4 protein chains.
Amino acid sequence: MNEITPPPSLGPDVEQVVRDSFARQGLMHHLGAEMHEVSRGRVSIRLPFRDTLTQQHGYFHAGGTSAIADSAGGYAGFTLFPPGSSVLTVEFKINLLAPAQGDYLEAIGTVVRSGRTLTICQLEVFGVTAERRVLVAVGQQTLMCMHGKPDR
Amino acid sequence: MNEITPPPSLGPDVEQVVRDSFARQGLMHHLGAEMHEVSRGRVSIRLPFRDTLTQQHGYFHAGGTSAIADSAGGYAGFTLFPPGSSVLTVEFKINLLAPAQGDYLEAIGTVVRSGRTLTICQLEVFGVTAERRVLVAVGQQTLMCMHGKPDR
Amino acid sequence: MNEITPPPSLGPDVEQVVRDSFARQGLMHHLGAEMHEVSRGRVSIRLPFRDTLTQQHGYFHAGGTSAIADSAGGYAGFTLFPPGSSVLTVEFKINLLAPAQGDYLEAIGTVVRSGRTLTICQLEVFGVTAERRVLVAVGQQTLMCMHGKPDR
Amino acid sequence: MNEITPPPSLGPDVEQVVRDSFARQGLMHHLGAEMHEVSRGRVSIRLPFRDTLTQQHGYFHAGGTSAIADSAGGYAGFTLFPPGSSVLTVEFKINLLAPAQGDYLEAIGTVVRSGRTLTICQLEVFGVTAERRVLVAVGQQTLMCMHGKPDR
């Protein structure tokens with residue numbers, strides 16, 4: 001089955017499970033990342049600019065860009081997993097398209113294909129200011145569903 | 001030309017330029033990463049374990065693993081660039097092979113092919129304790145040399 | 001510049017240059033691939049099923065899927081290149097989502113970001129029958145524009 | 001377990017199973033590819049140059065390069081799988097380092113990490129003549145072991 005036919009609305013529990021898991025990611029907290037939107041098969045994470053997130057030219061470091069892209073994709077996949085499972089990133093690939101700058105970065109993970117064992121996500125990261133929203137990175141990610149291994 | 005034939009020893013200036021650039025990466029400092037070894041076409045970076053670097057299960061977050069892998073590869077390429085240039089990550093792909101755990105992670109970037117415009121690196125990340133050194137991630141990275149745009 | 005703002009219509013010459021180049025690809029001819037649609041920043045290629053294209057289970061081999069995906073992306077990028085240039089694939093990554101089967105495969109390459117030196121494309125491959133059109137692979141590709149090196 | 005500790009020698013059956021499976025790949029036969037060496041966790045495939053394998057400049061098309069790289073990696077993983085299973089490529093990424101030319105290409109797939117469900121391989125492709133052996137592509141691949149689904 002290749003088409004994802006999500007129920008019309010997301011139950012409150014799935015979102016809470018996702019947000020609780022995100023809150024346990026020390027790195028996301030340390031970077032200052034915030035989970036923005038959670039829907040079935042799609043999650044966005046925002047990362048406000050700070051000097052502690054830069055590379056040598058003063059832009060966001062690709063490591064920060066990648067970190068929120070990976071988390072956004074991982075949780076997007078997780079929203080479609082059965083109860084009592086957890087998510088593992090198998091691999092991801094990311095192209096950095098433009099200098100990662102802006103008031104904040106927004107990473108969006110979207111499930112492209114959800115299978116019993118493996119889930120594939122598309123990753124996008126935007127650099128956002130009041131005036132502009134620029135695509136700064138695109139990626140592709142493979143996730144694994146760990147059945148019977150709860151996230152907590 | 002596919003083979004890299006480095007001079008027998010690395011001049012002190014190249015290493016200093018690399019270490020100075022690394023010192024300007026706010027994110028590396030914020031994560032607690034340290035540049036370990038610098039040689040021509042090969043750079044290693046260490047990331048000691050901290051609670052601020054975790055994902056939801058308490059291991060190193062893939063974002064931290066990726067961040068030091070990306071920096072290690074970027075600086076490995078940079079060691080072979082001409083004076084007055086800087087380095088840009090075009091893309092990278094990383095496979096997470098095993099839970100990223102240990103006293104510290106060590107990322108090693110090694111140049112596979114160095115061209116005028118593009119440089120390709122292999123990325124490896126190990127989870128290290130006093131007893132074990134486990135390969136936890138492997139990756140592949142494409143860099144671009146920005147001629148005439150000094151790093152600083 | 002991140003947004004692609006193509007002219008409203010594709011001139012006849014660009015399409016002809018693309019189709020002529022495709023006709024010189026011995027492999028595409030050998031596989032039986034046909035260039036389908038050509039527009040600015042987007043090219044599709046079809047590959048009818050033959051026994052000579054299979055892997056060990058009788059589906060299309062990933063090598064065929066990848067070959068037409070790579071060519072579709074490469075030519076999609078090429079449509080946006082300046083006169084007198086040619087295209088080189090730097091790298092691509094492809095996820096195989098489902099068994100590649102159908103009367104034919106259709107690969108679609110779409111430019112995501114077009115720069116002076118590098119162009120990034122999204123790759124999609126569908127398995128098509130009279131009744132179904134199933135996404136069987138997605139990929140991401142980096143191309144290089146070779147200025148002053150004509151394709152022919 | 002990250003280290004692969006292969007038995008000192010490869011039994012004749014595993015090699016035969018691999019070679020029989022390869023012989024059923026219509027595409028490999030159609031391209032003229034030959035399985036060269038088979039050992040535990042490592043397989044090489046050769047592809048002699050033909051006009052039917054070219055891209056528009058007369059070099060090997062990346063599709064051919066990728067096809068033999070994918071098969072070499074897939075069978076390298078397969079050599080470590082349990083009886084009665086088969087292999088599926090989840091994804092691969094390949095960097096094209098130099099024009100793919102020579103009397104033949106040789107793709108080598110090597111297992112980096114073999115797990116119960118997923119196996120990760122490194123891919124290398126060389127362009128070979130009587131005088132030179134040039135690395136023309138490197139890649140990384142994720143395979144899935146299909147337990148209880150025999151290859152034939």
Side-chain angles (χ1 to χ4, degrees), chain C residues 18 20-33 47 50-71 73-75 78 86-97 99-100 107 137-144 146 149-152, chain D residues 18 20-33 47 50-71 73-75 78 86-100 107 137-142 144 146 149-152:
Chain C
V18 169
D20 288 351
S21 177
F22 182 82
R24 291 194 299 275
Q25 293 200 326
L27 182 67
M28 288 295 110
H29 181 75
H30 188 55
L31 298 178
L47 182 64
R50 299 179 181 185
D51 285 340
T52 52
L53 299 175
T54 55
Q55 33 86 293
Q56 70 274 29
H57 305 118
Y59 300 121
F60 283 94
H61 191 287
T65 309
S66 303
I68 59 168
D70 173 51
S71 277
Y75 284 118
F78 189 43
S86 54
V87 60
L88 212 68
T89 298
V90 173
E91 59 87 35
F92 68 89
K93 179 254 204 289
I94 192 163
N95 274 79
L96 305 161
L97 307 177
V138 290
Q140 209 166 292
Q141 182 192 41
T142 307
L143 303 170
M144 190 166 179
M146 307 296 281
K149 298 195 179 173
D151 186 68
R152 157 134 244 178
Chain D
V18 168
D20 287 352
S21 177
F22 182 81
R24 290 195 300 276
Q25 292 200 328
L27 182 67
M28 289 294 110
H29 180 76
H30 187 55
L31 298 179
L47 182 65
R50 299 179 181 184
D51 286 340
T52 51
L53 299 175
T54 56
Q55 34 85 293
Q56 70 275 28
H57 305 119
Y59 300 121
F60 283 95
H61 191 287
T65 309
S66 305
I68 60 169
D70 173 51
S71 277
Y75 284 118
F78 188 45
S86 54
V87 60
L88 212 68
T89 298
V90 173
E91 60 85 36
F92 68 89
K93 180 256 204 286
I94 192 162
N95 273 79
L96 306 161
L97 307 178
V138 290
Q140 209 167 291
Q141 181 192 41
T142 307
M144 190 166 181
M146 307 296 283
K149 298 196 178 171
D151 187 68
R152 160 131 241 177

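Computed from a predicted model, the values in this text were never measured in an experiment. A note on names: the letters A, B, ... follow the listed sequences, proteins ahead of strands, and every chain is numbered from 1. No hydrogens, no waters, no symmetry mates; every other heavy atom, side chains included, goes into these values.
Among residues two or more places apart in sequence or in another chain, the ring pair (Phe, Tyr, Trp, His ring centres under 6.0 Å) test is passed with C/Tyr75 by none. Applying the side-chain hydrogen bond (donor to acceptor under 3.5 Å, both in side chains) test to D/Gln55 and every residue at least two apart in sequence or in another chain returns nothing.
Contact count against chain C (heavy-atom pairs under 4.5 Å) is highest for D/His57 among D/His57, D/Met28, D/Arg50, D/His29. In terms of non-hydrogen atom pairs under 4.5 Å with chain C, the most contact-rich of D/His61, D/Gln140, D/Gln141, D/Arg24 is D/His61. Contacts with chain D were tallied for C/Thr89, C/Asp20, C/Thr142, C/Asn95; C/Asn95 has the most, counting heavy-atom pairs under 4.5 Å.
C/Ile68 and C/Ala33 make their closest contact through CG2-CB, 3.9 Å (heavy atoms, listed as atom of the first residue, atom of the second, distance). For the residue pair C/Asp70 and D/Gly63, the shortest heavy atom distance occurs at OD2-N, 4.4 Å.
Among the candidates C/Thr54, C/Leu31, C/Thr52, the single residue satisfying the side-chain contact (heavy atoms from CB on, under 4.5 Å) test with D/Leu27 is C/Leu31.
Looking at D/Ser86, only its side chain comes within 4.5 Å of chain C, counting heavy atoms on both sides. Contacts between D/Asp51 and chain C at a heavy-atom distance below 4.5 Å involve the backbone alone (N, CA, C, O). If you measure heavy-atom distances from C/Val87 to chain D, the contacts under 4.5 Å come from both the backbone and the side chain.
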